[in-house]
S.K.: 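One structure is given below, represented as structure tokens, and several questions about it will come after.
Convention: sequence-line order gives letters A, B, ...; per-chain numbering from 1. Atom set for the values below is all heavy atoms of this structure, side chains included, hydrogens, waters and symmetry mates excluded.
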Amino acid sequence: MDLQTAAQINSFLAAFVLLTAFGMLVQKRIYSLIHLFAWQGLLLSINTAIVGYVASKHHLYISSILTLSLKVFLLPYILHVLIVRLRIRREVETLVNIPMLMLIGLALVIFSYHLMAPVSELSKLITRSTLAVALATVMIGLLMMITRKHAVTQIIGFLAMENGLFFAATSATYGMPLVVELGVALDVLIAAFIFGIFFFHIHTTFDSLDVDQMARLKEGD
Amino acid sequence: MTVNQIVMECLQIALLIAVAPLFVGWVRMLKCWAQSRSTASLFQPYRDLLKLFSKDVILAENASWIFRFTPYLVFGTVILSGAVVPMLTTKLPLSPSADVIVLVGLFAIARFFTALAGMDIGTAFGGMGSSREMMVASLAEPAMLMAIFTVSLVNQSTSLSHIAEVMYSGHAVLKPSLAFAFIAFILITLAETGRIPVDNPSTHLELTMLHEAMILEYSGRHLALIEWAGMMKLFLFMALGSALFVPWGIARSDSLLMGLMAGVLLLLKVGASGVVLVLIETGLAKMRLFRLTEFLGSAFLMATLGMLSFFILE
């Protein structure tokens, strides 16, 4: 595989990462949301492996496998178990004005393109053009956290942001040092567990995972 | 302009007129198979058209010239668009006269007059159909233009023949922007040709009609012309998708033999696209009218993402 093909595949994967980010932004059903998250993880993992191969940085293989096992299988599985345990299986979130959300997302993509254009000029890596996409993914994850009311979907937004950061690290500098990446992976895993415990507490206290309920201080008025 | 080119142009228009009902018959047949119903003949649309042509036209008393003029105009614009889209060859004599933007304009003219005709008689359903159709159009047209701009940016031209030639030479194959534009184009095709998630082409329930509600008052040869134009529009969108995204097989010279092969390949491609269309139609249910903004909004999103990824990634 020569550099040109690798760059093309890389940009293709970047485009699809962005697409999954948009998909998660507007997806109402919680199961489909988790599937989209797993797909995004898979795309990231393939992308990391390809970048590792082209740049012959072998520690990227490890982080690719780590991404695959953690973000494609383990985290979706944990979220899945949580949904079953908390009995929010059929819940459909009400999202206000989806076309508006899409337009804001598009504006964020344009903004991050403008922000990243001078940075990409400085870089000489083949993956430099995907930096803007990575930043856009982070921002769309943030937008998703802001617009969602449900605690579980907010967490998925958070994890999507982390995906974006990981993507940015791969495309900007061919990945972080392995120690850092292992640390981040462990953090994400621990975070998922802690979130799970929190969900249970929120659920038993408020009978719902809608975070709007927490704005009230009084008990049962 | 050689004689061959003019012959090819005529052949192409004849192909469009003749094969469009066959394609609709094919789609209906596939749909029946997919839903395990017994099928009508492949040539049933021809018989329907023949029947309509032999019937008398019944005009409402207060129908103005717009109502009588519209079927001919709709039929004419579709044929004119068929003369511009490269189906058999890229060396069409009429092709330089109109690019993709004009093509979108031609579709818009046809839609404008159909909407006027729907309101012309003054029945409630006609007006309702017109307002719905214009709502869909106002959402579909920006997305359509955005998708076309993306393809034009990649191929650096808005001329359909030129786009097909550049795509042919293979400089623009593996590009994310084209993939996005293609997905957007599929969504828009469903909306523009009135297929299932947007409109149900075989509905007889007035409240769910979009396109059908506008032409409810037409009869006889007027109805035949409009239905035929609708069939040609469906065929034309498939051919347009083939010319924009998978032009392989279209002749790049004006030789008749190449044109013939292109014709056979085109029929194969369009037939295959019919399978995809039926899969989409069988898999989805018709959307509520107010959810169409989401559907067409996502088409616009795809097209714009395609354009952005052209600037960011390529």
S.K.: Among A/Val133, A/Thr130, A/Ile98, A/Leu106, which has the most heavy-atom pairs under 4.5 Å with chain B?
M.R.: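 When all of A/Val133, A/Thr130, A/Ile98, A/Leu106 are compared, A/Leu106 has the most.
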S.K.: Restricting to non-hydrogen atoms, name the atom on A/Ser11 and the atom on B/Pro176 that form the minimum distance, rounded to 0.1 Å.
M.R.: O-CG, 3.9 Å
S.K.: If contact means a heavy atom pair closer than 4.5 Å, which residues of residues 281-298 of chain B contact chain A?
M.R.: B/Thr293, B/Glu294, B/Gly297, B/Ser298
S.K.: Is B/Phe112 atom CZ crowded by more than 12 heavy atoms from other residues, nucleotides or ligands, each under 6.0 Å away?
M.R.: no
S.K.: Taking CZ in B/Phe182 as the centre, count heavy atoms belonging to other residues, nucleotides or ligands within less than 6.0 Å. Is the count above 12?
M.R.: no
S.K.: Under 4.5 Å from any heavy atom of chain B, what part of A/Leu103 do you find: side chain, backbone, both or neither?
M.R.: side chain
S.K.: Non-hydrogen contacts under 4.5 angstrom with chain B: give the residues of residues 108-116 of chain A involved, or none if there are none.
M.R.: A/Val109, A/Ile110, A/Tyr113
S.K.: Which bit of A/Leu18 is near chain B, if near means a heavy-atom gap under 4.5 Å: side chain, backbone, both or neither?
M.R.: side chain
S.K.: By a 4.5 Å heavy-atom criterion (distance strictly below it), what part of B/Phe180 contacts chain A: side chain, backbone, both, or neither?
M.R.: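 Looking at B/Phe180, just its side chain touches chain A.
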S.K.: With respect to chain B, which residue among A/Ala14, A/Ala7, A/Pro99 yields the maximal number of heavy-atom pairs within a distance under 4.5 Å?
M.R.: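 That would be A/Pro99.
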S.K.: Taking side chain as everything from C-beta outward and backbone as N, CA, C, O, which of these in B/Leu308 sits under 4.5 Å from a heavy atom of chain A? Side chain, backbone, both or neither.
M.R.: side chain
S.K.: Find the distance between CG (A/Leu13) and CG (B/Leu313) and round it off to the nearest 0.5 Å.
M.R.: 10.5 Å
